**Q** 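Take a look at the following structure, please.
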Amino acid sequence: MGEALVELERVQTQLLQRISKLEHSYIPSSPSQNDTVDDAVTDTVARLSSILRSNGVPEFSFKRVPSDYYDWPLEARRDALSAASIHHLCKSIVLVNTQAPANVVDCTNRNNSKYYVVVVQYTARFNAEAVKNFLYSLNNGSIAKKKFNMRLAPEETSMELTGYGHNAVTCIGMKTDIPVILDEAIVKLTPDFFWLGGGEVDLKLGIRTSQLIKFINPFIVNCSNN
């Protein structure tokens with residue numbers, strides 16, 4: 001047992017050192033930020049970086065943001081992340097089907113799951129009705145349309161399912177294997193590199209869209225109104 005722990009620590013140390021060398025984006029987004037906080041490779045960064053690289057996603061970046069980031073206008077957030085545009089700023093939200101049949105209680109069936117994670121732009125207005133219609137069609141009309149009623153899951157439910165708190169939710173490395181719906185508008189962005197939550201409230205993840213799609217195999221749905 002002792003040798004196993006020593007070996008585990010050695011591997012973890014090597015991983016952290018490698019990440020520190022490869023990731024050049026852990027720099028403060030504001031001069032007022034504490035350099036030591038931003039330079040530190042947190043467990044979240046190390047874990048998600050390992051997941052991404054091991055699943056064929058080499059193009060990604062983590063950036064720290066100030067605590068008042070969510071009080072900023074989208075243009076300021078774009079500049080802090082060096083994002084291509086405000087439309088490249090996205091978020092992950094957890095939806096629950098409040099009218100799901102009694103036997104649908106988890107995420108076992110991705111075509112008819114109790115919960116879904118939807119990734120949508122901040123500049124877009126999410127259209128729950130579009131998701132409802134998509135899921136109805138996905139099941140070839142075998143489930144009554146009234147059995148689909150997608151609503152924002154309570155924050156405690158989202159936390160329990162994903163392992164991430166408010167403003168920290170990301171579709172990578174979730175506690176539960178929740179099926180993901182990626183808004184079609186994000187797929188059409190140029191360049192195809194967008195930003196979303198990074199697992200901590202002050203941590204953002206930038207990622208190559210095409211690589212993310214190959215990894216998580218999301219449903220791509222037109223589910224927003226710009």
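If you're wondering where the values come from, they're calculated on a predicted model, not measured in any experiment.
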**Q** Heavy atoms only: give me the nearest Gly198-Phe62 pair and the separation to one decimal.
**A**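 Scanning both residues completely, I find the closest heavy atoms to be O-CE2, 4.1 Å.
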**Q** Quick check for you: to the nearest 0.5 Å, what is the distance between Asn112 atom CG and Tyr136 atom OH?
**A**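 Here the rounded value is 13.0 Å.
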**Q** Between Thr209 and Val187, what is the shortest heavy-atom contact and its length?
**A**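 That would be CG2-CA, 4.2 Å.
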**Q** How long is the straight-line distance from NE2 of His88 back to CG of Asp192, given to the nearest 0.5 Å?
**A**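 Asp192 CG to His88 NE2: 8.0 Å, rounded to 0.5 Å.
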**Q** Closest heavy-atom contact between Leu196 and Cys171?
**A**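 Smallest interatomic distance, heavy atoms only, reads CD1-SG, 4.0 Å.
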**Q** Is there a donor-acceptor pair closer than 3.5 Å between any side-chain N or O of Arg151 and the backbone N or O of Asn97?
**A**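 Such a contact is absent between Arg151 side chain and Asn97 backbone.
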**Q** Given Met150, which of Tyr115, Phe126, Tyr116 fulfils the side-chain contact (heavy atoms from CB on, under 4.5 Å) condition?
**A**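 With Met150 as partner, Tyr115, Phe126, Tyr116 yield a single side-chain contact (heavy atoms from CB on, under 4.5 Å), made by Tyr116.
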**Q** How many angstroms lie between atom CG of Asp183 and atom OG of Ser224, to the nearest 0.5 angstrom?
**A**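 Taking CG in Asp183 and OG in Ser224, the distance rounds to 3.5 Å.
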**Q** Would Lys132 pass as a cation-pi partner of Phe148, given that its NZ or CZ must be under 6.0 Å from the six-membered ring centre and within 45 degrees of the axis?
**A**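 Output no; distance or angle outside limits.
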**Q** Could you tell me whether a side-chain N or O of Gln211 sits under 3.5 Å from a main-chain N or O of Glu59, the two making a donor and an acceptor?
**A**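 Between the backbone of Glu59 and the side chain of Gln211 there is a qualifying donor-acceptor contact (under 3.5 Å).
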**Q** Within 45° of the six-membered ring axis of Tyr122 and under 6.0 Å from that ring's centre, is NZ or CZ of Arg78 located there?
**A**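 Arg78 over Tyr122 ring: no.
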**Q** Can you name the nearest heavy-atom pair linking Asn111 to Leu135, along with the distance?
**A**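 So the two residues come closest at O-CD2, 4.1 Å.
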**Q** State yes or no: do Val118 and Val96 share one hydrophobic cluster built from I, L, V, M, F, W and Y residues joined by side-chain heavy-atom distances below 4.5 Å, directly or via other members?
**A**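 No, no single cluster joins them.
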**Q** Donor-acceptor check, side chain of Ser54 to backbone of Ser50, threshold 3.5 angstrom: yes or no?
**A**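 Checking the backbone N and O of Ser50 against the side chain of Ser54, a donor-acceptor pair under 3.5 Å is found.
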**Q** Can you name the nearest heavy-atom pair linking Cys223 to Ile181, along with the distance?
**A**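 Smallest interatomic distance, heavy atoms only, reads SG-CG2, 4.3 Å.
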**Q** State, to 0.1 Å, how close Val221 and Ala130 come at their nearest heavy-atom pair, and which atoms those are.
**A**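 Taking Val221 first and Ala130 second, the nearest heavy atoms are CG1-O, 4.5 Å.
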**Q** Distance check, rounded to the nearest 0.5 Å: Ile186 atom CD1 versus Cys90 atom SG?
**A**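 Reported to 0.5 Å precision, the distance equals 3.5 Å.
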**Q** Is there a path of hydrophobic side-chain contacts, each under 4.5 Å between heavy atoms of I, L, V, M, F, W or Y residues, that connects Ile213 with Leu189?
**A**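 Same hydrophobic cluster.
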**Q** Applying side chain to side chain donor-acceptor pair (under 3.5 Å), run through Thr98 and Asn149 and close with a yes or a no.
**A** CA-CA 6 Å; Thr98 62; Asn149 186 51; 2.7 Å; yes
**Q** With a 3.5 Å distance limit and no angle check, can you tell me whether Thr162 reaches the backbone of Ser158 through a side-chain donor-acceptor pair?
**A**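 Yes, Thr162 side chain to Ser158 backbone: donor-acceptor pair under 3.5 Å.
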**Q** Rounded to the nearest 0.5 Å, how far apart are CG of Leu48 and CD1 of Ile207?
**A**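 It comes to 9.5 Å.
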**Q** Sub-3.5 Å donor-acceptor pair from the side chain of Asn127 to the main-chain atoms of Glu129, do we have one?
**A**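 Side chain of Asn127 to backbone of Glu129, a donor-acceptor pair under 3.5 Å: yes, one is there.
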**Q** Are any of the side-chain nitrogens in Glu160 or Lys175 under 4.0 Å away from the carboxylate oxygens of its partner?
**A**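 So Glu160 does not pair with Lys175 through a salt bridge.
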**Q** Is it the case that over 12 heavy atoms from other parts of the model lie below 6.0 angstrom from the CG atom of Asp177?
**A**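 For Asp177, atom CG is not crowded (no more than 12 foreign heavy atoms under 6.0 Å).
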**Q** Ring-plane angle category for Tyr69 and Trp72, please: parallel below 30°, perpendicular beyond 60°, tilted otherwise.
**A**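 Tyr69 vs Trp72 ring planes: tilted.
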**Q** Val120, Val117: one ILVMFWY side-chain cluster at the under-4.5 Å cut-off?
**A**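 No, separate clusters.
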**Q** Regarding Lys114 and Asp106, does a basic nitrogen lie under 4.0 Å from an acidic carboxylate oxygen?
**A**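 Asp106 and Lys114: not salt-bridged.
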**Q** Between Leu212 and Ile172, is a side-chain contact (heavy atoms from CB on, under 4.5 Å) present by the stated rule, with each step listed?
**A** CA-CA 9 Å; Leu212 175 69; Ile172 306 298; 3.5 Å; yes
**Q** Under a 4.5 Å side-chain heavy-atom rule over Ile, Leu, Val, Met, Phe, Trp and Tyr, are Ile143 and Phe219 clustered together?
**A**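 Yes.
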